[in-house]
Amino acid sequence: MDGFFTIPEIKFRRNCKMANKWVYTFKEGNMTMRNLLGGKGANLAEMTEIGLPVPQGFTITTEACTQYYEDGRKINDEIMAQTMEGVKWMEEVNGKKFGDLKNPLLVSVRSGARASMPGMMDTILNLGLNDDVVAAMIAGNPDPAFERFVYDSYRRFIQMFSDVVMEVGKKYFEQLIDKMKEDRGVKFDVDLTAADLKELAEQFKAEYKNQLGSDFPSDPVEQLKLAIEAVFRSWDNPRANVYRRDNDIPYSWGTAVNVMPMVFGNLNNESGTGVAFTRDPATGENKLMGEFLINAQGEDVVAGVRTPMPIAQMEQEFPEAYAEFLKVCETLENHYHDMQDMEFTVENKKLYMLQCRNGKRTAPAALKIACDLVDEGHKTPAEAVAMIDPRNLDTLLHPQFDAAALKAATPLGKGLGASPGAACGKVVFTADDAEAWAERGEKVVLVRLETSPEDITGMKAAQGILTVRGGMTSHAAVVARGMGTCCVSGCGDINMDEENKKFTLAGQTFTEGSEISIDGTTGNIYAGIIPTVDASIAGEFGRVMAWADEFRRLKVRTNADTPADAKKARELGAEGIGLCRTEHMFFDPERIAAFREMICSDTVEERETALNKILPYQQGDFEKLYEALEGCPVTIRFLDPPLHEFVPTEDADIEKLAKAKNKSVEEIKAICESLHEFNPMMGHRGCRLAVTYPEIAKMQTKAVIRAAINVKKAHPDWDIEPEIMIPLVCEIKELKFVKKIVVETADAEIAAANADIKYHVGTMIEIPRAALTADEIATEADFFCFGTNDLTQMTFGFSRDDAGKFLNAYYDNKIFENDPFAKLDQTGVGKLMETAIKLGKPVNPNLHVGICGEHGGDPSSVEFCHKIGLDYVSCSPFRVPIARLAAAQAAIAEQAK
C-alpha cells in the first residue's frame, strides 16, 4: 500500500497469569471481532491491518463492560492493570509518555458498541493534560501559536471531561465561552488568544469546583479511569436504553472503550479535522460527501460549533492529505463493500484515520446504494437485500409536501437538507417538551441551537428537527437519518433565544407553539403548515422489493377494514387481507343506531330486525374489499369487542335510542350500565357474543357470503374464497357451536343463490388455552391466525392499555428490555405459538397459519414467524414493505447458516 505508513512491531507485554484478556491493541484485532471489540474498535484494528494511517491505541472489550456491571459498577484491578499495560504499549509505539512533562502522551477516549448507538457517551479529547503538563509543553515550544493551541486543547478537555464524565452540564462552560467572546468582541472560538484561553481554562476549573465541590482531577491515570467508567456507565443511560429498545440491541452486549493517542487538528492552520461519507447518505449518489474544518478538533464538526467547509475544499488547503484521503476512501469501500462513514484528522498536513463504519443513510439512499453495489459487482442481490434496515422503509412512505402548495409558499430561510421528508407542526425548544406535546397528540418540530445525545427521545417524538448550527454530519443530521426523521440543520440565519423559547428568522418571531414547516430534502423553512401528500415510490424501491419477493417464503397480508386501506396495501405489495375488523364498520351514524337498537332489544326477533338494517351495509363493505383485493384472500374477523363499546354516552343519543325502542331513558341507561364489566377485555366479547346472540354471527355470515357471490359473478376469473375468522376461542366445543351457525347459514345462502363458492372457517389463537389445546381446535379449524396483541396480554397478564404506566420501571430495572406489545416475546408468547403449530399441523395437514397482531410488521418478530413455520404475516398497510423485506432477510439468513 504505497503511501500508507506502517507501525513498528512491538509486542504488547502481558502478565501470562491473567485469566481474561480484557484489552486488545489495534494490532491484535480485526473486523470479525466486532462482538468483543465493538464496531469502532474492530474497524480501527481492521484499518490497521490493511495499512491505513491509524494512531495506534487499544480497545477495552465489551466483556469488560459486562464485568463492570457484575462487579457493582466498578472497574476491577485486573481490567485496570491490563489498561495500563495498553498505555505502556501505546507509549512505546508512539514514542511519548503518559503524564510526562517533557514529551506527554495525550489520548482520546471513545465509546464503541457493536451496533452504532446514538445516545452513548461523547468522545473525550486531550485526556492527560493538567497545569504542569500544559506549562511544560509551552516551555518546550516558545511559539505563541503553540501556546494558544495548548490552552485551546486544555480548555476543551476540562469542558468535555466535566460534561461527559462528571455530568456537569456543558451549558455552564458555553456561557463562559460566549461571555468571553462578547467581552473580546469576537465571533468564533478561533479568534480568542492564548491569554483568553488560559483565562477560560481557569474559569472552567473554578466552575468545575463550584458545581462539584472538588478540584478538577490532575492525575492522568485517575482521569483515564474516570473516563473509562463514564463510557461503561453511558451504556445504561436513559437515552441509550430508549435507542436500544427501538433497535433490538440487547442490554447484554455492553460497549467497548477505545483509547487512542491524540492527533491534533487544532494544532495550527496546517491542521484540521473532518467527517466524510464515500457516498451521499441522503441520496445515495456515488460521490464523496463530507465536511472539513481547519484548526479544529473533531467535536467542532459533529457538534456544529462552527459551520464547516465542504470536503472538496480540503484539496486546496491540504492537497497531499486530500489525495491520500481519496485513496483511503477507495480502499475502504473496496474492502467493506459498502458506503463508509469516516472521521479523520490532519496534523501538520499529515492524514490520520480515526474511525470508519458502514454509514447511516436515509431509506432512498439505502435503496440506491444497494442497487448500485449490485451493479458495481460489490454485492449479490441477496446481500443487497440483507444490508437494508427494514424499519427505514417506513420513511419512504411518509408524506411529502403538496407540490402546488409548496410552489405557492415562500421560504423564510434555508438550512442544509440533512434528512429528507416533509415535516410540519408546532415549534418546541426542548426534547422534554417535544415528548410531552407529542404525548398529548400534538405534531411538533424540535428547534435547537444544536442537538446532543440527551435530545434523542425528543428527536424521536418530533415530526422534524431544525438546528441553527451543524452540517450534514452533525449529531442532528446523523441521528435523524438513522431514525428516518426529517431534518434541516445549520440554518445560521436563525437568531436563537433558547432560554426564552423563541427565535427570529427573516424578521419573523417564532415562539413555542408557532406553526412551521421544514423540507428535509431542500433545506427550506416555511412559516405555517403546508399540506402534505403521500410519497411516491422510486424505481430502486421496486427493484429491491422484487429481489426480496424472490427470496422470501412468508406471504405478507395486511390488516385493513376499508377499501382505501386495502388498495394502499395492495400498492405496497400485500397478498391478501389477514385481518378485517368488522366492528370498525359499525360506527357509521346510521349503522351504530341500528346496532344500539339490537343491543337494547328484548327478543331474538327484535335483534334480527335491527341487524337486518345493518346487513346491506356490511355486505357492501365486504364487496368493496373483495373488489380491492382482486381475488386475493380476505380474512374477515367476526365481531370482537364487548357490547359496552357501542352504547351511547351522550344524553341526546340515549334519548334517540329510547324513542326508537319505545323505552324510557332510565331503562336504556340501566341496559347500558349492565353491559359494563370489571375486566371487559376478558369478558363478554369475541365468540362469546356469538354463543349468546347467534343472530349476530348469522347476519355477518350472510353479508360475507352474499358479497362473495356478487363479486364472483362480476369477476368469474377471480378466486373468491372468504375466510371467516372466529375470535377469542378457547375451547373446541365453543368453536364447534359457532362454526355450526356459520356453516348452516353460509350453505343456505350458497344453495339459494345456486352459486359455487368455497369458504373457510378458522379461528384466532389469542388465548393461551387455545394454543395449548390446538390439537383439538385444529380438527374444526381450516386456519389459525395468531392475534398476538391479545395473546401477549393474556400470557403476561398485562392490560395493553395500562401497561405503559409501569413498564418504564421494568426497563429501568432491566426486567424487560422492550415493550412486549411492540416486539414479540419469543420466549413465552413465541413458545405458545410454536406449541400451537406443532400440535395443530399433524392433526390437520391443510391448516394454514398466520399472524395478524401488530407484531406482523416488526422485523424481529417477522424473522421469528419465518423460523417457526408460519405461512403469512399480516400488518398495517404502510408496514407491508417492511414485512416483505424482513421476511426475505429471514430466508436469506437461514440459507446462510
Side-chain angles (χ1 to χ4, degrees), residues 121-126 129 131 134 148 151-217 230 239 266 293 296-307 427-434 446-455 458 466-470 474-476 489-504 509-512:
M121 195 193 85
D122 286 345
T123 298
I124 300 162
L125 302 178
N126 313 318
L129 284 174
D131 288 352
V134 164
R148 188 201 174 281
Y151 279 116
D152 180 47
S153 300
Y154 194 28
R155 65 94 187 170
R156 287 168 184 274
F157 170 55
I158 298 166
Q159 180 177 352
M160 282 183 184
F161 189 91
S162 305
D163 171 32
V164 173
V165 177
M166 306 309 290
E167 296 175 16
V168 175
K170 63 179 170 187
K171 65 178 182 181
Y172 301 108
F173 303 99
E174 284 172 352
Q175 284 164 4
L176 290 169
I177 295 172
D178 289 343
K179 185 175 186 310
M180 173 75 76
K181 286 193 290 195
E182 198 179 312
D183 290 348
R184 301 295 187 269
V186 299
K187 190 174 180 186
F188 296 113
D189 301 358
V190 285
D191 299 323
L192 295 172
T193 65
D196 297 336
L197 293 167
K198 181 179 181 181
E199 189 181 327
L200 209 49
E202 292 303 319
Q203 289 177 7
F204 280 8
K205 283 190 292 180
E207 186 62 38
Y208 179 96
K209 187 163 186 177
N210 179 44
Q211 293 290 331
L212 295 175
S214 59
D215 289 327
F216 189 84
R239 302 182 305 276
N266 64 328
L293 269 175
Q297 287 198 322
E299 89 275 9
D300 294 346
V301 179
V302 177
V305 175
R306 281 158 56 195
T307 301
V427 169
V428 291
F429 290 87
T430 70
D432 289 344
D433 287 341
L446 177 62
V447 184
R448 304 282 282 141
L449 203 55
E450 66 204 31
T451 64
S452 70
E454 289 90 350
D455 296 325
L466 170 61
T467 69
V468 181
R469 298 175 180 163
S474 65
H475 176 269
S489 64
C491 179
D493 293 336
I494 288 175
N495 187 351
M496 177 66 106
D497 182 356
E498 277 189 316
E499 206 167 323
N500 294 306
K501 294 190 174 179
K502 65 179 182 181
F503 71 86
T504 54
T509 300
F510 292 79
T511 55
E512 190 174 60

I'd like to check V468 versus F503 (side-chain heavy atoms, cut-off strictly below 4.5 Å). Are they in contact? no
State, yes or no, whether a side-chain contact exists between K501 and T511 at a heavy-atom distance under 4.5 Å. no
Nearest 0.5 Å, what's the CG-CD distance between N500 and E512? 11.5 Å
So does R156 pair up with D189, basic N to acidic O under 4.0 Å? no
What are the two closest non-hydrogen atoms of L200 and L176, and how far apart are they? CD1-O, 3.9 Å
Once you measure the plane-to-plane angle for F216 and F161, does it fall in the parallel (<30°), tilted (30-60°) or perpendicular (>60°) bin? perpendicular
Minimum-distance pair of heavy atoms, taken over all atoms of Q211 and V168: CG-CG1, 3.6 Å
Which pair of non-hydrogen atoms, one from K187 and one from D191, has the smallest distance, and what is that distance? N-OD2, 4.0 Å
If you measure only the distance, is there a donor-acceptor pair under 3.5 Å linking the side chains of D196 and Y151? no
Indicate yes or no: at least one non-hydrogen side-chain atom of F429 is less than 4.5 angstrom from one of M496. yes
OG1/T451 to CG/L466 distance, rounded to the nearest 0.5 angstrom? 11.0 Å
Rounded to the nearest 0.5 Å, how far apart are CD of E450 and CG of D455? 9.5 Å
Side chains of L197 and R148: closer than 4.5 Å at any heavy-atom pair? yes
Given the options V134, D152, N126, F157 meets side chain to side chain contact (heavy atoms under 4.5 Å, CB included) only with N126
Rounded distance [0.5 Å steps], CG in L293 versus CG in N266: 11.5 Å
Pairwise side-chain contact, S162 with F173, heavy-atom cut-off 4.5 Å (strictly under): yes
Minimum heavy-atom distance A434-G458, with the two atoms named: CB-O, 3.6 Å
Is R184 paired with E199 through a side-chain N to carboxylate O contact shorter than 4.0 Å? yes
When K205 is tested against each of D131, D215, N210 for side chain to side chain donor-acceptor pair (under 3.5 Å), which residue passes? D131
For residues L125 and M160, report the shortest heavy-atom separation together with the two atoms involved. N-SD, 3.2 Å
Contact summary for A476 and T467, nearest pair of heavy atoms: CB-CG2, 3.6 Å
If I take atom CD from residue Q175 and atom CD from residue E182, how far apart are they, to the nearest 0.5 angstrom? 12.0 Å
Taking atom CG of D178 and atom CG of D183, what is their separation to the nearest 0.5 Å? 11.0 Å
Between the side chains of E207 and Q203, is a donor N or O closer than 3.5 angstrom to an acceptor N or O? no
